[in-house]
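What's counted below: heavy atoms across the whole structure, side chains too, no hydrogens, waters or symmetry copies. Throughout, a chain's letter reflects where its sequence line sits, starting with A, and its residues are numbered from 1.
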Protein chains: 2
Amino acid sequence: MSESCLIAKLGRYVDLAEADRRVLARLEESEREYRKDQIVRRTGQPVEDLFVVKSGWVTSFSILEDGRRQLLRLFYPGDIVDLAEATMSHAQHDIKCITPAVLCPFPKAGLEPIFRRSPRLTALLFSMTVNEAGSLLDRIRAIGRFSAYERLCYLLLEVRARLSMTVSTVDEGFRLPLTQSDIADLLGLTNVYVSRTMTRIERDRLIRRQGNLVTILEPDRMREICEFRHIHEIDTSWFPQD
Amino acid sequence: MSESCLIAKLGRYVDLAEADRRVLARLEESEREYRKDQIVRRTGQPVEDLFVVKSGWVTSFSILEDGRRQLLRLFYPGDIVDLAEATMSHAQHDIKCITPAVLCPFPKAGLEPIFRRSPRLTALLFSMTVNEAGSLLDRIRAIGRFSAYERLCYLLLEVRARLSMTVSTVDEGFRLPLTQSDIADLLGLTNVYVSRTMTRIERDRLIRRQGNLVTILEPDRMREICEFRHIHEIDTSWFPQD
DNA sequence: CGAACAGTTGAGGCGCGTCAAACTTGGTGG
DNA sequence: CCACCAAGTTTGACGCGCCTCAACTGTTCG
C-alpha cells in the first residue's frame, strides 16, 4: 500500500491506533489524476464523493453572474476536499486543480465508520475542520481590514506556514503555483494591483522572486506587518481515549 | 428543567433519542447573565469553557494594533460560542455581547461524552460546524467581491434568514441590534459609508427602517442583487444510526 | 437639562480598479 | 536551436468607490 497522506497529516497530532490507520487508508484506496486547471466538480452538481488530496494544489471558488470570482480555499496534500460540502447534497462552489494533481475520491459515507467506530479520530477530524474555519476567520480579517500590501504579506506567510508542515526548506524559498490573478481572487484585489504591490514588497526587500519561486527574506518584519500568528495547534487534552 | 436551546436547534434536523437530550441538556445546566457590551472572553485567555447562547446576540471579533476592528461571527440563541476555539488552548479572538444575553457555560470536556457516546449527535455537531464554515465562505465572497450596496443586502438577508429559523414574523420586520459601526466592521466598511448606503437601499424601496426595526420589502430583488441563496440544509443520509 | 452615543450629511482625498499596451517567459513545432 | 505563440506580468494614465475628517442632528438616560 502506498503512503497515505491523511495518516501522515493526522498522525502529526495524535498517535493513531492500527484500526484508525485502516479506516483512513480506505479513504485513499482509489486515485485519479487531474490536469492543471481541470474542474473537479461544478456548483450545483450532487456531492457524492469527497477527495483526499494526494499531490498538487486544489482550490474552491465562486463565480458571480458578471464574472467576478472569489477563491475560497486552497487545499494541499493531506487535506480533504471539500469537507465543507460534505453536509450538502449539492455543491455550492466550483472546485478545480491549480496544478496537476492526484486526488483520491471516496463516497461521503466513507466518513460514517469514523464517526461510528472511533470517537478519537472523530474528535481529531472535528478539530481539524474547526481549525480550517479558523484560517477562514483570518482571511476575513485580512480581506475586511488589511491594505493590499498587508494582505499579500499575510498570504505569503500563510502559504509558507502551510508548506513548512511538510517541507523543511521553505527558508530557501518555495514555489508559488498561483498566478497573480489567482492571488487577486483569493484576497479581493485585481491582478494589476497584485503585480504592483508584489513589486513593492520585493523592492522593500521583504521577499525575493525568481519566476514563481518566492523567498521570504524577513519573516519577522512581515509577521509584524500583518500581525500574523501561525497557530494551528490542536488541544487534544479533551479527546476521548476510545 | 427549562427549555434547552440546543435541543430545540438540533432537534430541527434529526430526531433526538432521550439519551441525546440528556447529554445536551447537561451543557445548559448553569447559566450566567451578561450586560450589553460585556466582554465574555479576551484574546489570549485560556479557553476553558464554551457557551450555549440562551438569549441575546453575541459576536467574536479581532482588533488590530492600530484599532482597526473586524467582527468575525454573530452567534444567536442555540449557537455554541465558540466551537471554533474549542480546539485551542488560548483564545484567538475577543467575544462580547451585542445585546444583554444569557449564556450557559460548560467546560470543553463537556463535548467528550457526545463524541464518545453518540456518533449520530457527533455527526450532527460536525455538520453544523461545517455549515457555519459555509456561511464564513459566503462572507469571504461578500467582503472580497461585493460593493458596499451588495454587502449590505447580503447581511440583511443573512440576518433575516437566521432569525426566520426561530421567528415566523420576519416578513413584518425584525430588530437589528447592531450599530452601523458593528455592521461596518462585519463587512469591511466604515460606519459613515454604511449610513449612506443604507439610506440608498431604503430610498430604492428595498427596505424600510424605523429605529432599529428593519422590514425587507423586496426580498426577491435583494436576493438577485447579491446572488443570495440560503442553503443551510444538512444532508443526514450518511449519519450513523447509533 | 446635559452628556454620551448613534446616525446623517458634506467636502475632499486616496487606494485600488479599469483599460490598454508593452514586455517576459515557457512551451511547441519546424 | 531558433521562431513563434499564448499566458502571465509589468507599467502608465485615468477614474471611481469608499475612506477621512468634521460638523450637525436625533435619541436615550441619568
Side-chain angles (χ1 to χ4, degrees), chain A residues 35-38 64 66-71 96-100 142-156 175-203 207-214 225-226, chain B residues 35-38 57 64 66-71 96 98-100 142-156 175-203 207-214 225-226:
Chain A
R35 298 182 311 277
K36 174 163 146 57
D37 291 331
Q38 188 172 351
L64 301 182
D66 62 3
R68 282 177 289 179
R69 186 178 76 143
Q70 176 68 44
L71 292 201
K96 86 168 186 190
C97 300
I98 289 180
T99 66
I143 300 178
R145 288 296 177 225
F146 283 179
S147 68
Y149 196 100
E150 292 164 332
R151 283 182 224 186
L152 278 163
C153 289
Y154 155 77
L155 178 68
L156 292 172
R175 300 261 158 216
L176 189 65
L178 302 167
T179 68
Q180 292 186 349
S181 293
D182 291 334
I183 295 172
D185 289 342
L186 261 174
L187 299 178
L189 297 167
T190 60
N191 60 338
V192 174
Y193 208 67
V194 167
S195 172
R196 282 188 223 281
T197 308
M198 284 285 260
T199 303
R200 264 176 65 212
I201 294 177
E202 186 171 28
R203 215 193 42 221
I207 65 171
R208 187 173 41 228
R209 290 181 295 169
Q210 304 145 80
N212 65 7
L213 182 73
V214 176
I225 287 171
C226 59
Chain B
R35 298 183 310 278
K36 176 163 147 47
D37 290 331
Q38 188 171 351
W57 288 31
L64 302 182
D66 62 3
R68 283 177 289 178
R69 186 177 74 143
Q70 177 70 43
L71 292 201
K96 87 169 185 188
I98 289 181
T99 66
I143 299 178
R145 287 296 177 223
F146 283 0
S147 68
Y149 196 99
E150 292 163 332
R151 284 183 223 186
L152 278 162
C153 288
Y154 155 77
L155 179 68
L156 293 171
R175 300 260 158 217
L176 190 66
L178 302 166
T179 67
Q180 292 186 349
S181 292
D182 291 334
I183 295 172
D185 289 342
L186 261 173
L187 299 178
L189 297 167
T190 58
N191 59 340
V192 174
Y193 208 68
V194 167
S195 172
R196 283 189 223 280
T197 308
M198 284 284 260
T199 303
R200 264 177 66 212
I201 294 176
E202 186 170 27
R203 215 192 42 221
I207 65 169
R208 187 172 41 226
R209 290 182 295 170
Q210 305 144 79
N212 65 6
L213 182 73
V214 176
I225 286 170
C226 58

Engineer: Around atom CZ of Arg209(B), are there more than 12 heavy atoms of other residues, nucleotides or ligands at under 6.0 Å?
Structural biologist: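 Atom CZ in Arg209(B) is packed in, count exceeds 12.
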Engineer: Please report the distance, rounded to the nearest Å, between CG in Asn191(A) and P in dT18(C).
Structural biologist: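 Atom CG in Asn191(A) sits about 10 Å away from atom P in dT18(C).
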Engineer: I'd like to know if the side chain of Thr199(B) and the backbone of Ser195(B) have a donor-acceptor N/O pair within less than 3.5 Å.
Structural biologist: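 At least one qualifying donor-acceptor pair exists.
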Engineer: Just to confirm, is there a sub-4.0 Å distance from OP1 or OP2 of dT10(D) to any side-chain nitrogen or oxygen of Arg200(A)?
Structural biologist: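 Result: no.
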Engineer: Other residues, nucleotides and ligands only: do more than 12 of their heavy atoms fall within 6.0 Å of CZ on Arg68(B)?
Structural biologist: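 Yes.
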Engineer: Test Arg69(B) against every option in Leu186(B), Asp182(B), Leu64(B) by the side chain to side chain contact (heavy atoms under 4.5 Å, CB included) rule and name the one that passes.
Structural biologist: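 Only one option passes, and that is Asp182(B).
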Engineer: Between dG17(C) atom P and Asp66(A) atom CG, what is the distance in whole Å?
Structural biologist: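 Atom CG in Asp66(A) sits about 15 Å away from atom P in dG17(C).
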Engineer: For DNA chain D, which residues of residues 177-190 of chain A approach it to below 4.0 angstrom with any heavy atom?
Structural biologist: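 Going residue by residue through residues 177-190 of chain A, the ones with a heavy atom under 4.0 Å of DNA chain D turn out to be Thr179(A), Gln180(A).
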Engineer: Whole angstroms only, please: what is the CD1-P distance between Ile143(B) and dG17(D)?
Structural biologist: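 In whole Å, dG17(D) P and Ile143(B) CD1 are 20 Å from each other.
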Engineer: How long is the line joining CG of Asp37(B) and P of dA4(C), in whole Å?
Structural biologist: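 Answer to the nearest Å: 16 Å.
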Engineer: Classify Arg68(B) by what it touches in the nucleic acid, base, sugar-phosphate, or nothing, heavy-atom distance under 4.0 Å.
Structural biologist: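 Arg68(B): no heavy atom of the nucleic acid under 4.0 Å.
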Engineer: Do Arg196(B) and dG17(D) share a donor-acceptor pair, side chain to base, under 3.5 Å?
Structural biologist: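 Between dG17(D) and Arg196(B), which were checked side chain against base, a qualifying N/O pair under 3.5 Å is absent.
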Engineer: Any side-chain to backbone donor/acceptor pair from Glu150(A) onto Ser147(A)? Under 3.5 Å, distance only.
Structural biologist: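 Yes, Glu150(A) side chain to Ser147(A) backbone: donor-acceptor pair under 3.5 Å.
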Engineer: Kindly say whether Lys96(A) contributes a backbone atom to a donor-acceptor pair with the side chain of Gln38(A) at under 3.5 angstrom?
Structural biologist: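 Checked: no pair found.
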Engineer: Under the rule for side-chain hydrogen bond (donor to acceptor under 3.5 Å, both in side chains), what residues qualify as partners of Arg145(A), not counting sequence neighbours?
Structural biologist: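 Arg145(A) satisfies side-chain hydrogen bond (donor to acceptor under 3.5 Å, both in side chains) with Asp185(B) once adjacent residues are dropped.
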Engineer: Over how many whole Å does the gap from Arg209(A) atom CZ to dT25(C) atom C1' extend?
Structural biologist: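 Rounding to the nearest Å, CZ of Arg209(A) and C1' of dT25(C) are 14 Å apart.
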Engineer: In whole Å, what is the span from the CD atom of Gln210(B) to the P atom of dG7(C)?
Structural biologist: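 Rounding to the nearest Å, CD of Gln210(B) and P of dG7(C) are 16 Å apart.
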Engineer: I want to confirm an ordering. Mapping Val194(A) and Val194(B) to their closest nucleotides on DNA chain C, which one lands closer to the 5' end?
Structural biologist: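 Closer to the 5' end of DNA chain C: Val194(B).
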Engineer: Does Val192(B) reach a base, just sugar-phosphate, or nothing at all? Heavy atoms under 4.0 Å.
Structural biologist: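 Counting heavy atoms under 4.0 Å across all strands, the contact made by Val192(B) includes a base.
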Engineer: Would a 4.5 Å heavy-atom cut-off, applied to side chains only, mark Phe146(B) and Leu187(B) as touching?
Structural biologist: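 They are not in side-chain contact.
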Engineer: Met198(A) CE to dC16(C) C1': how many Å, rounded?
Structural biologist: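 Those two atoms, CE and C1', are 17 Å apart.
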Engineer: Taking the side chain of Ser147(B) as heavy atoms from C-beta outward, which of dG12(D), dG17(C), dC18(D) is closest to it?
Structural biologist: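 Closest nucleotide to the Ser147(B) side chain: dC18(D).
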Engineer: Just N and O in the side chain of Ser195(B): are any of them under 4.0 Å from OP1 or OP2 of dG7(C)?
Structural biologist: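 For Ser195(B), the contact criterion (side-chain N or O under 4.0 Å from OP1 or OP2 of dG7(C)) is not met.
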Engineer: Take Arg145(A) and Tyr193(A), find for each the nucleotide of DNA chain D with the closest heavy atom, and name the residue whose nucleotide sits nearer the 5' end.
Structural biologist: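 Result of the comparison: Tyr193(A).
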Engineer: Decide if atom CZ of Arg200(A) counts as having more than 12 heavy atoms of other residues, nucleotides or ligands within a radius under 6.0 Å.
Structural biologist: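 For Arg200(A), atom CZ is crowded (more than 12 foreign heavy atoms under 6.0 Å).
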Engineer: Is any side-chain heavy atom of Thr197(B) closer than 4.5 Å to a side-chain heavy atom of Leu189(B)?
Structural biologist: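 SC-SC contact between Thr197(B) and Leu189(B) ruled out.
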Engineer: Can you build the contact string for nucleotides 23-30 of chain D? Use B for base contact, S for sugar-phosphate-only contact, and - for no protein heavy atom under 4.0 Å.
Structural biologist: --------
Engineer: Calculate the interatomic distance between Phe146(B) atom CZ and dG17(D) atom C1'; express it in whole Å.
Structural biologist: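 Going from CZ in Phe146(B) over to C1' in dG17(D) covers 17 Å.
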